[in-house]
Amino acid sequence: MALMTGEQYIESLRKLDTQVYLFGRKEPNWVDHPIIRPSINCVAMTYDLAQDPEHEDLMTATSNLTGRKVNRFAHLHMGPGDLIKKVKMQRLLGRKTASCFQRCVGMDAFNAVFSTTYECDKAHGTNYHENFKNFVIYVQDNDLTVDGAMTDPKGDRGKSQGQQADSDLFVRVVERRPDGIVVRGAKAHQTGSINSHEHLVMPTQAVAEGDADYAVSFAVPSDAPGLFMIYGRQASDTRKLEPGADIDLGNKRFGGQEALVVFDNVFVPNERIFMNGEYDFAGMLVERFAGYHRQSYGGCKVGVGDVIIGAAALAAEYNGASKASHVKDKLIEMTHLNETLYSCGIACSCEGYCTEAGNYQIDLLLANVCKQNVTRFPYEIVRLAEDIAGGLMVTMPSETDFKSDLKVPTPSDLTVGEWCGKFFAGIEGVTTENRMRILRFLENICLGSSAVGYRTESMHGAGSPQAQRIMIARQGDIDGKKQLAKDIAGIKD
Amino acid sequence: MNVGVKYCGGCRSGYGRKAEAARAEAAARAACEAAGRVSFSAAEKGGGYGALLVVCGCKARCADISQYGAGGRTVYIDHEGGHQEAAGALALLAKEEKKP
Ligand SMILES: Cc1cc2nc3c(=O)[nH]c(=O)nc-3n(C[C@H](O)[C@H](O)[C@H](O)COP(=O)(O)OP(=O)(O)OC[C@H]3O[C@@H](n4cnc5c(N)ncnc54)[C@H](O)[C@@H]3O)c2cc1C
């Protein structure tokens, strides 16, 4: 099948019987729901750009499995060049949507499961790699979006999987049949899960021998019997329900999405199983997925950062402050922070290495450094953006007020809209509406619904900061560095 | 001469690549009137073009042209205003192609 257009992707979602719950109700027409639709538009962009000759060099690749043209989001990275293009593609999409476009988790999961199943088969004589290759070909040929589902609800963080009061707090195998397995549990914070055709499930952390049932990886369609999703709400999300809402949304067309995905005894056929009790490979899978995903943030957040920097510069311009040296310096600092993230994303890609399975893994140390910076720099970038924007981004009346023709009974006899237009004007030659638009954009990304993706996802997505510090400690080669110091200082033990 | 137009992915292009390519096409057509006809189309893999016009967003020129086959007759645009130079280079190639 040819690559889908954005429109075809949206239509393909309608054909699924995905079970979605939102605000305590089952939502049958979730595709057109105003709260959900911007996140669908965002994924649709990953399809539309692949059709565009101006972007297909990044957006598409040639499958190493079939030789056919595929969307890069369904591609296995076959060299550092592919890893670099992945980061560039993510930056491009961040620039086009200023949101989380959701399709990265699946791509990162493919690459991690591909290499891990190969090594698992070698050690255990299993057949997971072949299963997985077939799954990847199916996804590539049908140009599907896949949710990379790793994070379990985890309950008491001080306890392992098997020690939890409720055994469902981590996804596990509850039944093994000749034709497959039955799984139970949930995955939390799932980016784009509702907008995905398939779910690719992985363990959330290393698994000990006694907890082998939690070492499970598989793929199921998003409308598999027993699978349902409860939508995660975002700051100011109900603004999207306001009639005619536009400016107040900040980013009307695009947005991110997370949901709780519940597996209430879901059957997985044998050919869709990629790990089933091989607890000694759970840690490898987690580490590899996290590595790729930590690289990803050196692309996507940078693209969004580009839009924020542009918005801050416009806010300063509309405010008449763009020539102030401190404003210029703040824009320089934002750029420096943003490009540092990009440098990390590119660096860990350049240093990528070939796995036994033949696809390429990023450099783990550099990817973890990348993500550690991502847990900090976007916060500084939005702090500077808020500084430049001024307080109006959070105190401005609604767009309904700006558009209101209700007369205020005072001597001037002006409408509410006219009063707003008068007092919220910036420099001459720029409409108050345009000033409002840019300030609402900044509000949305700094502390509205898009802050979910730009701020908190930067903090916790692909693992909280401490998870990277543990990896940095492991990869940092302190002993080797001690030896360097001894050699230079002339210390002979 | 048949020119295949290939774009890089445009991850952070600092200028409008499409507009720049259109200007290069127009300028090359004008310059080639004497040298012979020149036509442009979106490059496809294995296209066997007389020349490839590669429009890149920056100096990294990372567009993958390995499978587009123009026998080394590749002309790049990588900045705003690059169309003039590109058109001149395309005209030269068209002239060469016309030689018996
Ligand atoms: C917007 C967003 C999108 C996401 N998208 C996806 C997705 O698509 N797919 C996916 O699988 N996951 C996704 N995640 C999940 C993400 O990987 C987790 O949020 C992350 O791993 C942290 O887990 P947690 O949220 O449960 O926080 P917690 O694990 O509760 O962490 C909270 C704090 O407690 C600390 N902590 C936790 N456990 C321990 C411990 N045992 N010892 C010491 N300290 C501890 C942490 O270091 C952290 O400081 C997403 C998260 C967000 C916010």
Side-chain angles (χ1 to χ4, degrees), chain A residues 45-46 48-63 67-73 75 77-97 101 298-307 309-310 335 338-339 341-343 345-346 349-350, chain B residues 2-26 28 39-70 74-83 86 90:
Chain A
M45 200 65 165
T46 69
D48 280 334
L49 290 185
Q51 305 274 339
D52 184 343
E54 270 200 86
H55 300 295
E56 68 167 348
D57 195 74
L58 287 180
M59 297 299 307
T60 64
T62 302
S63 168
R68 292 192 278 275
K69 182 177 173 178
V70 296
N71 191 299
R72 188 172 294 282
F73 280 103
H75 186 51
H77 315 301
M78 297 312 290
D82 270 345
L83 290 168
I84 293 169
K85 283 202 164 173
K86 170 195 162 186
V87 174
K88 291 185 172 191
M89 168 181 76
Q90 291 167 316
R91 185 170 190 171
L92 169 69
L93 274 151
R95 288 161 71 101
K96 295 278 186 191
T97 61
F101 36 88
C300 65
K301 301 300 173 223
V302 180
V304 179
D306 284 332
V307 189
I309 294 167
T335 305
N338 206 40
E339 298 300 340
L341 300 180
Y342 186 57
S343 307
I346 293 293
S349 308
C350 292
Chain B
N2 253 338
V3 181
V5 182
K6 164 83 179 137
Y7 290 91
C8 74
C11 63
R12 50 178 180 146
S13 178
Y15 69 101
R17 291 173 303 149
K18 226 172 192 164
E20 198 64 34
R23 283 193 281 272
E25 286 183 29
S39 63
F40 293 84
S41 57
E44 281 177 22
K45 285 181 182 164
Y49 299 102
L52 203 60
L53 175 62
V54 190
V55 192
C56 296
C58 71
K59 304 273 181 203
R61 295 183 171 186
C62 72
D64 179 3
I65 55 167
S66 55
Q67 293 175 62
Y68 286 82
T74 307
V75 173
Y76 281 92
I77 298 178
D78 61 16
H79 61 280
E80 181 132 51
H83 66 276
L90 288 170

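Note on naming: letters A, B, ... go to the chains in the order of the sequence lines (proteins, then strands), and numbering restarts at 1 for each one.
- Between B:R17 atom CZ and A:H55 atom NE2 the span is 5.5 Å, to the nearest 0.5 Å.
- Looking at every heavy atom in both residues, B:D64 comes nearest to A:D57 through N-OD1, 3.1 Å.
- The distance from the NZ atom of A:K88 to the SG atom of B:C8 is 7.5 Å, given to the nearest 0.5 Å.
- Contact annotation for residues 40-47 of chain B against chain A (heavy-atom separation below 4.5 Å, listed by residue number): B:K45.
- The contact between A:T62 and chain B is made entirely by side chain atoms (from C-beta outward), counting heavy-atom distances below 4.5 Å.
- From B:C62, atom SG reaches atom CD1 of A:I84 across 9.0 Å, with rounding to the nearest 0.5 Å.
- Salt bridge absent: A:D306 and B:R12 never bring a charged side-chain N and a carboxylate O closer than 4.0 Å.
- In this structure, A:P53 and B:Y7 approach most closely via the heavy-atom pair O-CB, 3.4 Å.
- Shown here for A:R95 and B:S13, the closest heavy-atom pair between the two residues is NH2-O, 3.7 Å.
- Interface residue A:K85: only side-chain heavy atoms are found under 4.5 Å from chain B.
- What you find for A:L92 and B:G10 is that their closest heavy atoms are CD1-O, 3.2 Å.
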